[in-house]
Amino acid sequence: MSDNRSKAPVADSTRHLAELLDQLNEQQAYFFSIHEGIDTRQLSSCSFYTHVKYLLNFQSDMISENTKKGLYEAKQKGMKLGRLHKLDENVKKAIQMYESQKYSIAQIREETGISKTTLYRYLEN
């Protein structure tokens with residue numbers, strides 16, 4: 001007879017699973033799954049917890065390498081990388097509004113889309 005009940009996963013990602021295992025470990029609790037045959041009470045040299053950590057590191061490394069590869073390829077195609085600069089018209093308008101002393105920083109930000117930090121950086125230069 002088969003069990004047709006839905007089996008909800010314990011975690012939604014490898015990182016989430018690693019965090020849950022860390023929490024269990026801190027509380028000196030164990031994870032046991034009958035279906036997968038996982039028992040974190042086993043103190044073998046290559047535990048489930050260790051495998052999850054290795055897998056998490058591997059995934060992080062792969063994401064990093066793929067990101068670097070994508071950035072390199074985009075650069076080779078002549079694409080500009082990084083944050084887009086604000087339009088000069090908006091910066092000029094923001095500076096004029098600031099110097100007029102008629103507008104608050106919040107009003108300037110709302111009107112021009114220029115953040116307080118960006119405005120002050122332009123004012124310093």
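- More than 12 heavy atoms of other residues, nucleotides or ligands sit less than 6.0 Å from atom CD of Gln76.
- Of all non-hydrogen atoms in Leu119 and Ile114, the two that sit nearest each other are N-CG2, 3.7 Å.
- Between Thr40 and Leu24 the shortest side-chain heavy-atom distance does not fall below 4.5 Å.
- Under a 3.5 Å cut-off, the side chain of Ser60 and the backbone N or O of Leu56 do form a donor-acceptor pair.
- At distances below 3.5 Å, at least one donor-acceptor pair connects side-chain atoms of Asn66 with backbone N or O atoms of Met62.
- In this structure, Tyr120 and Tyr98 have perpendicular ring planes: the angle between them is above 60°, well past the 30° mark.
- When all heavy atoms are compared, the tightest approach of Leu17 to Ala11 is N-CB, 3.5 Å.
- With values rounded to the nearest 0.5 angstrom, Thr118 atom OG1 is found 11.5 Å from Asn90 atom CG.
- Taking OH of Tyr122 as the start and CG of Asp88 as the end, the distance is 6.5 Å to the nearest 0.5 Å.
- Taking CZ of Arg109 as the reference point, atom OG1 of Thr117 lies at 9.5 Å (rounded to 0.5 Å).
- The other members of the hydrophobic cluster of Ile34, by chain and number, are Phe32 (side-chain heavy atoms under 4.5 Å, ILVMFWY only).
- Listed here is the closest heavy atom pair of Lys53 and Ala18: NZ-CB, 4.5 Å.
- For the atom pair OH of Tyr49 and CG of Asn25, the computed distance is 6.0 Å after rounding to the nearest 0.5 Å.
- A chain of hydrophobic side-chain contacts below 4.5 Å, direct or via other Ile, Leu, Val, Met, Phe, Trp or Tyr residues, connects Leu20 to Phe31.
- Within the structure, no pair that satisfies the salt bridge (charged side-chain N to carboxylate O under 4.0 Å, His left out) test touches residues 69-79, not counting sequence neighbours.
- Side-chain contact between Leu71 and Lys68 is absent, with no heavy atoms from C-beta onward closer than 4.5 Å.
- Between the CD1 atom in Ile105 and the CE atom in Met97 there is a gap of 9.5 Å [rounded to 0.5 Å].
- Residue-environment remark: CD (Gln107) exceeds the threshold of 12 foreign heavy atoms within 6.0 Å.
- Interatomic distance, OG of Ser104 versus NZ of Lys116, reported as 11.5 Å (0.5 Å rounding).
- Placement of Leu123 and Ile108 within a single hydrophobic cluster is found when ILVMFWY residues are connected by side-chain heavy-atom separations under 4.5 Å, directly or transitively.
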